[in-house]
Amino acid sequence: MNSLDGLNPQQQQAVTAGFGPVLVLAGPGSGKTRVLTHRIAYLIKTLEVSPYQILAVTFTNKAAREMERRVVELLDNQAEGLTLGTFHATCARLLRREAEHLPFKSDFVIFDSDDQLRLMKQVIQELGLDPKSYQPQSVLSSISNAKNELLLPEDYPVQHYRDEVVKRVFSRYQQLLLTNNALDFDDLLLWTARLLDENPQVRERYARRFEHILVDEFQDTNLAQYRLLRYLASFHNNIFVVGDTDQSIYTWRGADYRNVLRFERDYPDAQVILLEQNYRSTQTILDVAMAVIDQNPHRRPKKLFTSRGKGEKIILREVYDDREEAAFVVETIAGLVANGHARPGDIAVMYRTNAQSRMLEEAFLFAKIPYKLVGAQRFYGRREVKDVIAFLRLIHNPDDELSLLRVINLPPRGIGEKTYSTLRLEAKRHGISPGQLLIELSRARESFSRDLLLERAYQRLASFGSMLLKWLAWRDRSTPLEIIDFVLEDTGLREFIDDGTEEGKDRWENVMELRRLASEYHEPGLADFLDQLALVSDQDTLEVSNNAPALMTLHAAKGLEFPIVFIVGLSDGVLPHQRSFEDEEAMQEERRLFYVGITRAKDRLYLVTPLHRNAFGYSEPVKESRFLADIPSGLILENRRERRYDRMTERSLSPWETSGIVKPATQAKYSPGVTVLHPVWGEGLVLNSRLQDDDEIVDVFFVGVGLKRLAASLARLELK
DNA sequence: ATGGACAATGTTTTT
DNA sequence: CATTGTCCAT
């Protein structure tokens with residue numbers, strides 16, 4: 001089979017581009033993954049490049065896996081030896097291999113944002129700083145920015161007094177990372193870039209090896225990644241990058257879409273190929289998307305087109321607040337599925353902030369419609385999951401004090417703060433890590449000044465130490481699954497986590513899910529498993545075959561596509577977010593975020609705009625998103641609320657009016673959660689109810705029938 | 001050492 | 001309002 005079959009001329013040009021740098025500017029849905037996978041297949045099959053000499057990097061594991069699957073398919077399994085992975089995972093592997101040239105050991109652990117925060121709090125306390133004026137989060141983000149610019153503490157630029165302090169904090173933070181034998185996310189890139197910069201032998205070895213380098217989502221690279229790529233491509237100069245500046249939504253994380261411009265400057269002979277034909281959306285959806293993004297200044301003009309035809313108009317729905325919004329979404333989805341217009345898995349609901357998922361989740365749960373929440377934090381951030389992972393990390397790397405601190409008294413075994421700080425002090429005196437001392441303790445009792453501790457506390461430490469020693473003895477011969485089972489068994493965590501309550505059962509389920517993930521690793525040792533756990537992306541948690549609507553942030557939606565998309569919370573202050581109001585660049589990024597959301601939709605797009613926003617327990621009127629004004633009215637089907645109702649509610653209520661002294665004219669008879677009886681449809685559940693024009697409008701979910709909106713005065717509903 | 005009660009605090013997005 | 005941290009009593 002000819003691997004160019006089914007590619008349009010621009011795609012073919014990209015796939016078969018000669019050697020040297022290539023920049024592919026790929027609009028949404030223009031088949032960039034297709035181009036990348038075909039390019040790899042072309043290099044291997046037609047140009048007979050060895051897979052071993054090809055490096056392809058992505059940002060999420062999901063994207064990497066998908067690419068790998070497609071390459072293998074194109075090549076009938078002739079892809080053995082290909083290096084294909086995320087930036088972070090690829091760097092982690094390289095650093096483990098080259099650890100001898102670096103100030104840490106090859107069995108380092110990767111600290112996630114949670115660990116970073118805990119470590120930072122420790123540093124701020126240790127240096128006696130006021131956590132109010134030096135908020136751990138904000139100091140961390142300064143440090144992260146510095147690392148993205150490839151700066152270590154000694155290079156940190158000092159302009160204000162604050163910089164001076166941050167520099168000191170940075171220095172101590174970095175020092176602590178090293179004593180824990182740990183790297184944070186930014187370190188993975190930073191150390192790799194620095195290694196290649198400072199060590200010509202290593203650089204040349206890799207630069208010679210990777211004859212071809214391919215990069216996905218190039219607009220999301222930061223300076224460290226850009227440098228990294230330049231070093232790796234420094235020998236063969238065959239660097240093939242694919243990106244779209246209009247989809248740059250991670251500048252707050254250090255991503256710099258100007259790397260695209262930098263690329264053109266640094267590689268003046270680069271071929272530039274534009275992919276504008278879209279294979280995903282209807283022309284109407286594309287026109288809406290272009291109308292929105294065209295408002296951003298300084299863009300390279302791009303004209304998206306499709307052969308799919310106009311399709312239907314997009315739908316704008318105005319709702320009262322987030323509660324009604326959630327009801328509308330769930331009700332519409334139930335209707336679409338019931339009428340056979342869509343399968344549940346065809347639908348996605350997207351929002352600006354994670355907090356917005358809650359109301360939606362409640363509505364789904366209430367209607368008993370299953371849904372899928374996309375987001376790694378939701379699972380890996382669970383306490384019980386992190387606890388078990390902390391045990392594994394400690395076993396992998398006993399110097400990891402943060403993990404030790406987390407599990408040493410879990411389940412409670414009488415080792416409190418006092419006992420721990422004695423252990424810590426004593427460890428410092430011996431010049432070893434607390435974890436090491438624990439192990440020593442269980443082996444040779446003399447190494448600890450006995451008079452420092454009560455016999456009881458001492459016994460407890462020693463017994464934990466011997467448990468740890470036992471696990472360590474098994475570590476290199478056991479699979480992750482076996483190690484998890486040792487831990488669960490020896491610690492009695494099960495009884496602690498599954499305490500017989502409903503939540504306890506859920507918590508245990510989560511641990512079992514982690515256990516299931518571990519069961520996919522058949523080799524002894526924890527490194528690979530722990531790396532995967534540390535580097536999962538939100539998107540990685542979305543299963544392809546899941547037959548339920550997916551809920552996700554707009555950020556998590558990038559790279560995905562769905563026949564039907566809802567974008568909710570289109571209010572000024574939410575999307576665009578309040579914090580972008582004063583910053584023109586940030587506002588443009590908000591617009592790109594909206595653009596990304598719109599272009600996820602294949603056939604039908606719902607935009608939902610609430611008139612009120614609930615925050616801090618108060619409801620306040622909000623303006624609709626300013627972005628909506630940019631959509632030509634001919635492309636949109638508007639469904640707004642009654643004007644009369646608007647006027648009543650758009651006025652700000654004074655506090656005593658909201659406190660319930662002023663009662664509505666009619667009292668609602670049906671409240672969410674009650675069961676009602678309908679003469680035709682039988683028993684149903686009230687999802688939502690509101691007063692309107694002296695009548696009560698009730699949304700009821702009937703089993704086997706679906707959701708119905710009824711006027712209480714007409715439908716003969718009975719309370720059950 | 002542990003757990004419960006209250007107070008303060010806060011909403012962007014995440015590899 | 002809902003989560004997170006801090007203080008205090010057992």
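First the proteins, then the strands, lettered A, B, ... as listed; each starts at 1. The analysis underlying the following values was restricted to heavy atoms, covering all of them including side chains, and did not include hydrogens, waters or symmetry mates.
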Short heteroatom pairs, N/O only, protein and nucleotides 2-8 of chain B, under 3.5 Å:
residue	atom	partner	partner atom	Å
dT2(B)	OP1	Gly414(A)	N	3.1
dT2(B)	OP2	Asn409(A)	ND2	2.7

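Using a 4.0 Å heavy-atom distance criterion, Ala534(A) is classed as making no nucleic acid contact. Note on Glu417(A): only backbone sugar-phosphate atoms sit closer than 4.0 angstrom, heavy atoms only; bases stay farther off. Counting non-hydrogen atoms under 4.0 angstrom, Asn354(A) reaches the backbone sugars and phosphates but no base. Across all strands shown, Phe185(A) has heavy atoms under 4.0 Å from base atoms, whether or not it also approaches the sugar-phosphate.
Of the candidates dT15(B), dG10(B), dT11(B), the closest approach to any side-chain atom of Gln135(A) belongs to dG10(B). Comparing dT15(B), dA1(B), dT14(B) by their nearest atom to the side chain of Thr419(A) picks out dA1(B). Here the nucleotide nearest the side chain of Trp252(A), chosen from dT11(B), dA1(B), dT14(B), is dT14(B). Taking only side-chain atoms of Arg579(A), from C-beta outward, the nucleotide of dT12(B), dA1(B), dT14(B) with the closest atom is dT12(B).
The aromatic rings of Phe218(A) and Phe263(A) sit perpendicular to each other, their planes meeting at more than 60°, with 30° as the lower class boundary. Aromatic ring orientation, Phe87(A) versus Phe59(A): tilted (interplanar angle from 30° to 60°).
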So if I define the base as every atom that isn't primed, P, OP1 or OP2, how would nucleotides 2-10 of chain C read as a B/S/- string at a heavy-atom cutoff under 4.0 Å?
S--S-----
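Legend: residues meeting salt bridge (charged side-chain N to carboxylate O under 4.0 Å, His left out) with Glu98(A), ordered by chain and number and at least two apart, are Arg205(A). In terms of the salt bridge (charged side-chain N to carboxylate O under 4.0 Å, His left out) criterion, Asp107(A) has no residue partners (sequence neighbours excluded). With sequence neighbours excluded, no residue satisfies salt bridge (charged side-chain N to carboxylate O under 4.0 Å, His left out) with Asp528(A). With sequence neighbours excluded, the residues satisfying salt bridge (charged side-chain N to carboxylate O under 4.0 Å, His left out) with Arg258(A) are Asp256(A).
Put simply, CG on Asp114(A) is 13 Å from C1' on dT14(B), counting in whole angstrom units. We find that CG of Asp186(A) is positioned 9 Å from C1' of dT15(B), with the value rounded to whole Å. Atom pair Leu554(A):CG and dT13(B):P shows a separation of 11 Å (rounding to whole Å applied). The distance from atom CG of Asp583(A) to atom P of dT12(B) is 15 Å, rounded to the nearest whole Å. Between Glu362(A) atom CD and dC1(C) atom P there is a gap of 13 Å when expressed in whole angstrom units.
With C1' as the reference atom, dG5(C) and dT12(B) are 23 Å apart, rounded to whole Å.
Relative to the ring axis of Phe581(A), Arg626(A) places its NZ or CZ within 45° and under 6.0 Å from the centre.
Checked against Phe111(A) for a side-chain contact (heavy atoms from CB on, under 4.5 Å), the options Leu183(A), Leu117(A), Asp187(A), Asn180(A) give a single hit: Asn180(A).
The distance between the ring centers of Phe529(A) and His396(A) does not fall below 6.0 angstrom.
A stacking contact links His577(A) to dT12(B): the aromatic ring centre lies within less than 5.5 Å of the base's six-membered ring centre, and the planes differ by less than 30°.
Between Thr553(A) and dT14(B), a side-chain N or O to OP1/OP2 separation shorter than 4.0 Å is present. Side-chain N/O atoms of Asn61(A) include none lying less than 4.0 angstrom from OP1 or OP2 on dT15(B).
At a threshold of 4.0 Å, the pair Lys386(A)-Asp114(A) counts as salt-bridged, since one of the basic side-chain nitrogens sits closer than that to a carboxylate oxygen.
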